[in-house]
2 protein chains.
Amino acid sequence: MVRHSKQRDAIFDNLCSRYDHPTAEDIYFSLKPAIPALSLATVYRNLSQLESDGKIIRIESAGTARYDGNINLHYHLSCINCGGVFDVFMDNDCGLCRKASEVFNGKIIGHSVLFTGYCSACSKQVG
Amino acid sequence: MVRHSKQRDAIFDNLCSRYDHPTAEDIYFSLKPAIPALSLATVYRNLSQLESDGKIIRIESAGTARYDGNINLHYHLSCINCGGVFDVFMDNDCGLCRKASEVFNGKIIGHSVLFTGYCSACSKQVG
DNA sequence: TTCGATAACGATAATCGTTATCATTATCAT
DNA sequence: ATGATAATGATAACGATTATCGTTATCGAA
């Protein structure tokens, strides 16, 4: 049985209102002023729950996990310079799963793509 | 200045001779009988070094990092059932980087693809 | 509208993967 | 052979995440 909670709503709303793919800690510090009693454990708990409910997406970047409130299929780029994670929206999924299903002897359900390179800002400065 | 070491050779050879995308610990336990004095720190150290030398690939799966001695472009599938990571070889990369470069306002250098689903063995049993 | 079962919370200890430290050992140019 | 120092092994430290546990909040039933 699942109950309503202010904290879970706040965490979900916070994540959905931003596009920087925050870590659990980012969300925690972002909500702390509005909910001073908030515990970091609650953030982790609810992010896990929201993810297994399919309401948010977990992005596995090196070290710390990041989260995304946009559950429509899209890809990400991890910037070598600033460490940020950015959205890469592509018209279609390139038939990646279909092509993979042709060559892979198992059952493919989903996929994620992580590009590496430089984000817009960093590519102007550095690379 | 880089020096030769028995441990690094053993770690690299071990990784290249297997196709199960082992974790640092997997490699450690695999080599321990042959090199009883081997330290887990040495395995981590050398895996990091080999990776930054471009001799091996690090796969970011949930929680623990896995390694791959095959540096040719290919993708992976993480099995929902057994947790194993398997190779997915595809004829081409679907022009993924090229297509992404057209829509992304930055500089794309590389990419990784992680499929989720069931491996060959598990798809026969479960899914 | 209270009440009671229990989901969710906050605080914090514990766990796990990985990295840093440091004294010792091995490599290799001289 | 020798000396400088890269690499090692042992282990402490670290950062992210999960587990524990007593308390609080939710919500269906009385």
Side-chain angles (χ1 to χ4, degrees), chain A residues 1-15 20-68 76 78 83-85 114, chain B residues 1-15 20-53 55-68 76 78 83-85 112 114:
Chain A
M1 183 226 211
V2 59
R3 285 181 193 168
H4 186 253
S5 101
K6 273 197 163 71
Q7 291 86 343
R8 182 156 48 245
D9 283 351
I11 290 161
F12 182 67
D13 291 348
N14 182 271
L15 182 58
D20 61 343
H21 311 90
T23 63
E25 216 175 35
D26 290 337
I27 294 171
Y28 170 72
F29 286 121
S30 171
L31 291 175
K32 196 71 176 167
I35 312 170
L38 183 67
S39 169
L40 182 55
T42 299
V43 177
Y44 275 107
R45 250 191 311 250
N46 282 300
L47 286 172
S48 298
Q49 192 173 321
L50 289 166
E51 194 218 349
S52 55
D53 288 350
K55 292 180 182 169
I56 66 171
I57 284 168
R58 180 190 172 101
I59 305 167
E60 298 294 347
S61 66
T64 47
R66 288 163 166 272
Y67 293 88
D68 194 338
H76 296 105
S78 176
V85 171
L114 186 64
Chain B
M1 183 228 210
V2 58
R3 284 180 193 170
H4 185 254
S5 102
K6 274 200 162 72
Q7 289 87 340
R8 182 156 48 245
D9 283 351
I11 290 161
F12 182 67
D13 291 348
N14 182 272
L15 181 57
D20 62 344
H21 311 90
T23 63
E25 216 175 37
D26 290 337
I27 294 171
Y28 171 73
F29 285 121
S30 170
L31 290 174
K32 196 71 177 168
I35 312 172
L38 183 67
S39 168
L40 182 55
T42 299
V43 177
Y44 275 106
R45 249 191 312 250
N46 282 301
L47 286 172
S48 298
Q49 192 173 323
L50 289 165
E51 194 218 349
S52 55
D53 288 350
K55 292 181 181 168
I56 66 172
I57 285 168
R58 181 190 173 102
I59 305 166
E60 299 293 347
S61 65
T64 48
R66 289 165 165 272
Y67 293 88
D68 193 337
H76 295 105
S78 177
V85 171
S112 64
L114 186 64

Using a cut-off of less than 4.0 Å, is there contact between a side-chain N or O of Q7(A) and OP1 or OP2 of dG10(C)? yes
Between R58(A) and L40(B), which has a closest nucleotide on DNA chain D that is more 5'? L40(B)
Atom CZ of R8(A) and atom P of dG10(C) are separated, to the nearest Å, by 12 Å
Of dA7(C), dG9(D), dA16(D), the nucleotide closest to the side chain of Y44(A) is dA16(D)
Given I56(A), which of L47(A), D68(A), I11(A) fulfils the side-chain contact (heavy atoms from CB on, under 4.5 Å) condition? L47(A)
How many Å lie between CG on L47(A) and C1' on dC9(C), as a whole number? 15 Å
For the pair made of CG in D9(A) and C1' in dA8(C), what is the distance, rounded to whole Å? 13 Å
Nearest-Å distance for atom pair NZ/C1', residues K6(A) and dC27(D): 14 Å
Rounded interatomic separation in angstrom, taking CD from Q49(A) and C1' from dA8(C): 9 Å
Does the structure show a Watson-Crick or G-U wobble partner for dA30(D), both distances under 3.5 Å? Name it, or say none. dT1(C)
I'd like to know if the side chain of S30(B) reaches the main chain of D26(B), judged simply by a donor and an acceptor atom lying under 3.5 Å from each other, with no hydrogens or angles considered. no
Rounded to whole Å, the CZ-P distance (R66(A) to dA16(D)) equals 11 Å
Any N/O pairs under 3.5 Å between the protein and nucleotides 20-25 of chain C? List them or say none.
none

To the nearest angstrom, the CG-P distance between N46(A) and dA7(C) comes to 15 Å
Flag side-chain contact, heavy atom, 4.5 Å: Q7(B) against L38(B): yes
Under a 3.5 Å distance rule, please check whether T42(A) uses its side chain to pair with a backbone N or O of R45(A) as donor and acceptor. no
Tell me whether the side-chain N/O atoms of S5(B) come closer than 4.0 Å to OP1 or OP2 in dT8(D). yes
Using whole Å, what does the distance between atom P of nucleotide dG4(C) and atom CE of M1(A) come to? 17 Å
Just to confirm, is there a sub-4.0 Å distance from OP1 or OP2 of dA16(D) to any side-chain nitrogen or oxygen of T64(A)? no
For the side chain of L38(A), starting at C-beta, report the closest nucleotide among dG10(C), dG9(D), dC9(C). dG10(C)
Of R3(B) and P36(B), the one whose closest DNA chain D nucleotide lies more 5': R3(B)
Between I59(B) and S112(B), is any pair of side-chain heavy atoms under 4.5 Å apart? no
